[in-house]
Amino acid sequence: LGRCSGGDFLLERMTSAFLACVPFPGDQDILLESYVEGWAQLLKFLNALGTLFGFISDEVVSKMEILQQHRGRDDGDGSHQEYVSLKSMVHHELSREMVDFKGTSRDGLPSGCRTLLRLHRALLWLHLFLDKLGRSSEHESSSTLCGEAYSLTLAHHHGWLVRNTASLAFLALPSRGRLFELFCPGDTGQAVRELQGAVAAIKQVTDITEKVYEQHRMLDLP
Ligand code: 1PX
């Protein structure tokens with residue numbers, strides 16, 4: 001597989017983190033440490049896009065902090081095995097009745113389950129956007145592709161205020177050509193291949209997450 005020296009700041013590290021989420025595909029489980037690492041890489045990219053995307057970064061950071069707080073919690077024996085993987089987190093939080101299915105309790109740390117669900121929905125958007133970008137032709141607009149992917153996915157979960165703010169941010173997105181330059185300077189073909197690798201890695205993660213949430217009827221957690 002070809003490597004892109006300039007572009008490795010985003011795609012390669014993000015791809016390897018999301019691949020590392022699933023060390024044993026048969027387990028159909030996600031390692032949370034790698035999941036958070038994948039998001040840390042996405043955050044770098046988001047920050048590089050400039051201040052107009054700050055409200056999105058802030059939201060990602062606050063969701064990551066909630067997960068990290070759960071992961072860092074010491075349950076007495078000094079280990080945090082409960083938050084090692086997606087399935088272990090789900091079983092732990094369900095068995096302790098930490099998951100609020102009705103949206104009534106407003107105090108305390110939100111559950112890891114409802115928090116990761118927000119990131120999962122965002123990954124469904126990202127998967128579609130990057131897939132569209134990888135298949136797009138030269139004259140297509142990144143803002144349009146991003147907006148289309150958003151309408152089909154994340155927008156369903158957002159109110160009008162967030163939707164409107166998001167659609168303004170999309171207009172400030174770098175052009176398709178500049179995004180490809182960020183992914184792999186001077187080599188569009190390699191940028192497309194790296195994009196395809198990222199799309200496949202994300203898909204593996206979202207497919208597993210979707211299944212686990214569906215099994216526990218948690219896809220609509222408030
Ligand atoms: C070009 C490739 C790489 C780009 C990487 C960018 C990664 C961006 C990830 C976006 C993550 C958005 C997280 C959204 C979480 C969420 O839905 N939160 C809402 C619900 O949370 P709650 O706790 O209330 O149930 C919250 O209301 C939303 C807050 C404001 C953030 C809204 C973000 C909407 C835009 C999503 C599309 C991102 C476009 C980025 C352009 C590159």
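Ligands are counted one by one from 1 in listed order, and the atoms in each one are counted from 1 as well. What you see is a predicted model; the values in this text were computed from it and never measured.
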(request) Please could you name the atoms of ligand 1 that Phe129 approaches to less than 4.0 Å, counting only its heavy atoms? (result) 1 (C)
(message) I'd like to check which ligand 1 atoms, numbered from 1 as shown, lie under 4.0 Å from a non-hydrogen atom of Trp39.
(response) 9 (C)
(message) Only heavy atoms of Lys63, strictly under 4.0 Å: list the atoms of ligand 1 that pass.
(response) 21 (O), 22 (P), 23 (O)
(message) Taking 4.0 angstrom as the limit and counting only heavy atoms of His158, give me the atoms of ligand 1 inside it, by number and element.
(response) 16 (C), 17 (O), 19 (C), 34 (C)
(request) Have a look at ligand 1 and work out which part of Leu49, if any, has a heavy atom under 4.0 Å from it: side chain, backbone, both or neither. (result) side chain
(request) Considering only non-hydrogen protein atoms, determine which one is nearest to atom 5 (C) of ligand 1 and report residue, atom name and distance to 0.1 Å. (result) Leu42 CD2, 3.8 Å
(message) With a heavy-atom distance limit of 4.0 Å, tell me whether Leu119 approaches ligand 1 through its side chain, its backbone, both, or neither.
(response) neither
(message) With a 4.0 Å cut-off on N to O distance, would you call Glu138 and Arg176 a salt bridge?
(response) no
(request) Please check if the side chain of Ser142 supplies one atom and the backbone of Pro174 the other of a donor-acceptor pair under 3.5 Å. (result) yes
(request) Apply side-chain hydrogen bond (donor to acceptor under 3.5 Å, both in side chains) to the pair Tyr83 and Glu93, showing each step before the final yes or no. (result) CA-CA 10 Å; Tyr83 288 91; Glu93 293 196 341; 2.6 Å; yes
(message) Set out, in order, the CA-CA distance, both residues' side-chain angles and the distance that settles side-chain hydrogen bond (donor to acceptor under 3.5 Å, both in side chains) for Ser88 and Ser85, then state yes or no.
(response) CA-CA 5 Å; Ser88 66; Ser85 78; 3.3 Å; yes
(request) Could you list the atoms of ligand 1 found under 4.0 angstrom from a heavy atom of Val60? (result) 11 (C)
(request) Write out the residue and atom name of the closest protein heavy atom to atom 33 (C) of ligand 1, then the distance separating them to 0.1 Å. (result) Ile56 CG1, 3.9 Å
(request) Show the numbers, then the answer: is there a side-chain hydrogen bond (donor to acceptor under 3.5 Å, both in side chains) between Glu65 and Gln69? (result) CA-CA 6 Å; Glu65 278 173 0; Gln69 265 176 285; over 6 Å; no
(message) Checking Arg71 against Gln68: is there a side-chain donor and acceptor pair closer than 3.5 Å?
(response) yes
(request) Could you list the atoms of ligand 1 found under 4.0 angstrom from a heavy atom of Leu173? (result) 41 (C), 42 (C)
(request) Would you check if the distance from the ring center of His91 to the ring center of His216 is below 6.0 Å? (result) yes
(message) If we count only non-hydrogen protein atoms and require a distance under 4.0 Å, does atom 18 (N) of ligand 1 qualify as touching the protein?
(response) yes
(request) Report the part of Leu154 (side chain from C-beta onward, or backbone N, CA, C, O) that has a heavy atom under 4.0 Å from ligand 1; answer both or neither where that applies. (result) side chain
(request) Could you pull out, from Ala122, Ser142, Gly147, the option with a heavy atom nearest to atom 12 (C) of ligand 1? (result) Ala122
(message) Going by the closest heavy atom to atom 28 (C) of ligand 1, which one wins out of Glu59, Arg114, His157?
(response) Glu59
(message) If you count every heavy atom of other residues, nucleotides or ligands that lies below 6.0 Å from Asp220 atom CG, does the total exceed 12?
(response) no
(message) Using a strict threshold of under 4.0 Å (side-chain N to carboxylate O), is an ion pair present between Asp131 and Arg135?
(response) yes
(request) Tell me which protein heavy atom sits closest to atom 6 (C) of ligand 1, plus the residue, atom name and distance to 0.1 Å. (result) Leu46 CD1, 3.7 Å
(message) Nearest non-hydrogen contact with atom 8 (C) of ligand 1 belongs to which option: Phe53, Phe170, Trp125?
(response) Trp125
(request) Could you point out which residue of Trp125, Phe129, Phe170 forms a ring-ring contact (aromatic ring centres under 6.0 Å, His included) with Tyr150? (result) Phe170
(request) Please say which of Thr209, Ile30, Ile66 ends up in a side chain to side chain contact (heavy atoms under 4.5 Å, CB included) with Leu116. (result) Thr209
(request) Identify, by atom number and element, the atoms of ligand 1 in contact range of Leu130, meaning under 4.0 Å from any of its heavy atoms. (result) 2 (C)
(request) For atom 3 (C) of ligand 1, grab the closest protein heavy atom and report residue, atom and distance to one decimal in Å. (result) Phe45 CD2, 3.4 Å
(request) Specify side chain, backbone, both or neither for Val162, according to which of its non-hydrogen atoms lie closer than 4.0 Å to ligand 1. (result) side chain
(request) Count the heavy atoms belonging to other residues, nucleotides or ligands that lie under 6.0 Å from CD of Gln28, then report whether that count exceeds 12. (result) yes
